[in-house]
Amino acid sequence: MKTEQKMSCCSIKRGETLQEKEPVTQQTQEITPSTDIQFKEKMVHLPGGEFLMGTNEKEGFPADGEGPVRKVKVGSFLIDKYAVTNAEFKQFVQATGYVTESEKFGWSYVFQNFLSRQILARVNRVVSTPWWCGVNGAFWYQPEGPGSTIDDRMEHPVVHVTWNDAQAFCKWAGKRLPTEAEWEYAARGGLEQKIYPWGDELTPNGEHYCNIWQGKFPEKNTAEDGYKGTAPAISFPENGFGLYNVSGNVWEWCSDWFSRSIHSRGGRENPQGPTKGETKIMRGGSYLCHVSYCNRYRVAARTSNTPDSSSGHLGFRCVADM
């Protein structure tokens with residue numbers, strides 16, 4: 001487990017000193033792959049092709065390695081129209097007995113506004129981003145800790161899943177995580193160099209197209225888009241390829257190790273990312289993103305996190321080979 005204490009607004013890394021607990025020895029859980037692709041009916045076939053990846057725009061984060069814009073080619077693949085839901089993840093757990101890393105560590109990160117005063121009085125906060133709280137007993141089925149439940153959120157994206165957890169689900173489902181290039185190709189929906197999956201305007205005709213923060217972060221979320229936390233996985237208009245919520249709602253894991261240099265990401269044809277690294281790519285932004293500090297709900301935006309990190313705004317969607 002990483003002991004790194006550098007925290008960012010978007011990627012909250014698991015740090016053992018936050019909870020003052022001994023590191024947990026992670027043991028590989030045997031997962032039997034399904035003989036058929038699970039939930040194949042939710043997937044769309046993308047024929048692949050060449051597209052312009054990245055951005056050179058000023059509103060981006062050059063330090064994240066968003067640019068320069070370059071031509072990248074990907075092959076054909078299947079991709080989930082929407083993120084893996086609580087209902088789907090529950091089916092996986094029931095079929096395999098899988099125990100997530102948040103359960104093994106005994107805690108995960110929860111946004112402060114979802115916690116009672118009593119809980120806030122005894123949680124550990126991240127110094128650099130104090131709106132993130134390490135909550136004992138928070139995991140995918142108890143997203144805000146003991147006493148919370150997903151019973152009314154079964155069609156919402158599953159959260160509090162690490163990259164390792166997502167890999168285990170993919171193995172069971174006969175799928176895999178998308179490469180960063182596949183993710184961006186799919187998220188763009190056939191549009192070229194647009195800021196968002198639907199175009200260049202955040203709220204066309206005053207309508208909300210994604211689940212992000214409105215108001216003053218982190219004190220007041222006016223929820224003008226209809227949601228203060230996660231939205232159902234099928235919400236808002238889909239993009240040109242029929243994908244939902246590739247901007248906002250929850251961050252999505254990709255398969256690649258993170259690098260700021262495009263020269264280490266595997267070239268321009270079906271790039272797989274660096275051969276090694278410390279953090280894994282996350283894409284898409286979340287319901288906590290706000291222009292005042294993190295406009296990474298743009299389609300070219302990228303960040304990363306350690307493979308054992310989890311939080312209440314981090315999920316995933318799957319792809320499969322043809």
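Worth saying up front: this structure is predicted, and the values here are computed from it rather than measured.
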More than 12 heavy atoms of other groups within 6.0 Å of E30 CD
no
Out of E57, E66, E59, which residue meets the side-chain hydrogen bond (donor to acceptor under 3.5 Å, both in side chains) rule with R298?
E66
Given Q38 and W172, is the side-chain hydrogen bond (donor to acceptor under 3.5 Å, both in side chains) satisfied, shown in steps?
CA-CA 8 Å; Q38 295 294 310; W172 168 77; 5.7 Å; no
Please report the shortest heavy-atom distance between C318 and V84, naming the atom on each side.
SG-CG2, 3.8 Å
Give the ring-plane orientation class for W198 versus Y196, where under 30° counts as parallel, over 60° as perpendicular and anything between as tilted.
parallel
Give a yes-or-no answer on whether the side chains of S264 and S259 include a donor-acceptor pair shorter than 3.5 Å.
yes
Heavy-atom pair with the smallest gap, counting every atom of V159 and G312
CG1-O, 3.6 Å
Mind checking whether F169 and F316 have ring centres under 6.0 Å apart?
yes
If two hydrophobic side chains count as joined below 4.5 Å and joins carry through other members, does F241 share a cluster with W183?
yes
Minimum heavy-atom distance between E144 and L115, given as atom pair plus value:
O-CD2, 3.7 Å
Min side-chain heavy-atom separation R125-C133 under 4.5 Å
yes
N/O donor-acceptor pair under 3.5 Å between D165 side chain and T100 backbone
no
Quick one: does I79's side chain get under 4.5 Å of V44's, heavy atoms only?
yes
For the NZ atom of K90 and the CD atom of E88, what is their distance to the nearest 0.5 Å?
13.5 Å
Please say whether the positively charged group of K276, taken as NZ for Lys or CZ for Arg, lies over the ring of W257, i.e. under 6.0 angstrom from the six-membered ring centre and within 45 degrees of the axis.
no
Any donor-acceptor pair under 3.5 Å linking the side chain of N164 with the backbone of E101?
no
Pair W140 + F89: ring centers closer than 6.0 Å
yes
Can you measure from CD (Q91) to OG1 (T96) and round to the nearest 0.5 angstrom?
10.5 Å
Atom pair NZ (K171) and CG (L177), whose distance is rounded to the nearest 0.5 Å:
14.0 Å
Search all heavy atoms of W132 against all heavy atoms of L288 and return the closest pair with its distance.
CZ2-CD1, 3.5 Å
Between T306 and D308, is there a side-chain donor-acceptor contact under 3.5 Å, judged purely by atom types and distance?
yes
Donor-acceptor pair, R14 side chain versus Y109 backbone, under 3.5 Å?
no
What is the ring orientation for H290 with F217, classed by angle as parallel under 30°, tilted 30 to 60°, or perpendicular over 60°?
parallel
Without swapping roles, check the side chain of D225 against the backbone of I212 for a donor-acceptor pair under 3.5 Å.
yes
Tell me whether the centres of the aromatic rings in W213 and F111 are closer together than 6.0 Å.
yes
Assess whether a salt bridge exists between D321 and K175, defined as any Lys/Arg side-chain N lying under 4.0 Å from an Asp/Glu carboxylate O.
no
With a 4.0 Å cut-off on N to O distance, would you call D64 and R302 a salt bridge?
no
Geometric cation-pi criterion, K42 with Y82: 6.0 Å, 45°:
yes
Could you please spell out the steps behind the side-chain hydrogen bond (donor to acceptor under 3.5 Å, both in side chains) verdict for S261 and H263?
CA-CA 5 Å; S261 170; H263 302 295; 5.0 Å; no
If only side-chain N and O atoms count, and only distance matters, is there a donor-acceptor pair under 3.5 Å linking Q272 with D256?
no
Contact between R268 and E50 at the side-chain level, heavy atoms closer than 4.5 Å - yes or no?
no
Donor-acceptor pair, Y98 side chain versus I31 backbone, under 3.5 Å?
no
Does this structure show an ion pair linking R176 with E182, if we count only N-O contacts that are shorter than 4.0 Å?
yes
Below 4.0 angstrom, N of the basic side chain to O of the carboxylate: do K81 and E238 qualify?
no
Checking side-chain polar atoms at under 3.5 Å, does S102 have a donor or acceptor matched by the opposite partner on H160?
no
With no hydrogens and no angle check, is any side-chain donor or acceptor of N239 less than 3.5 Å from a backbone partner on A186?
yes
Single-linkage hydrophobic cluster M282~V250, side-chain heavy atoms < 4.5 angstrom
no
Same cluster for F39 and V93 if Ile/Leu/Val/Met/Phe/Trp/Tyr side chains link at under 4.5 Å?
yes
Same cluster for F61 and I195 if Ile/Leu/Val/Met/Phe/Trp/Tyr side chains link at under 4.5 Å?
no
Between F105 and V135, is there shared hydrophobic-cluster membership here, with clusters defined by ILVMFWY side-chain heavy atoms closer than 4.5 Å?
yes
Audit row: D151, T149, side-chain hydrogen bond (donor to acceptor under 3.5 Å, both in side chains) steps and yes/no
CA-CA 6 Å; D151 287 349; T149 180; 3.2 Å; yes
Using atom types as modelled and distance alone, determine if a side-chain donor or acceptor of R283 lies under 3.5 Å from a backbone N or O of I281.
no
Without hydrogens or angle criteria, can the side chains of E207 and T203 be said to hold a donor-acceptor pair below 3.5 Å?
no
Looking at L78, is its backbone amide N or carbonyl O close enough to the side chain of H45 to form a donor-acceptor pair, meaning the two atoms are under 3.5 Å apart?
no
Taking every non-hydrogen atom, the tightest pair across P143 and V110:
O-CG2, 3.5 Å
Looking at F236 versus Y209, is the centre-to-centre ring distance below 6.0 Å?
no
With a 4.0 Å cut-off, would you call R317 and E252 a salt bridge?
yes
For residues S247 and Y297, report the shortest heavy-atom separation together with the two atoms involved.
OG-O, 2.7 Å
Quick test of your reading of the model: are R188 and E184 salt-bridged, counting only N-O distances below 4.0 Å?
yes
Distance alone, cut at 3.5 Å: any donor-acceptor contact between the side chains of T162 and S310?
no
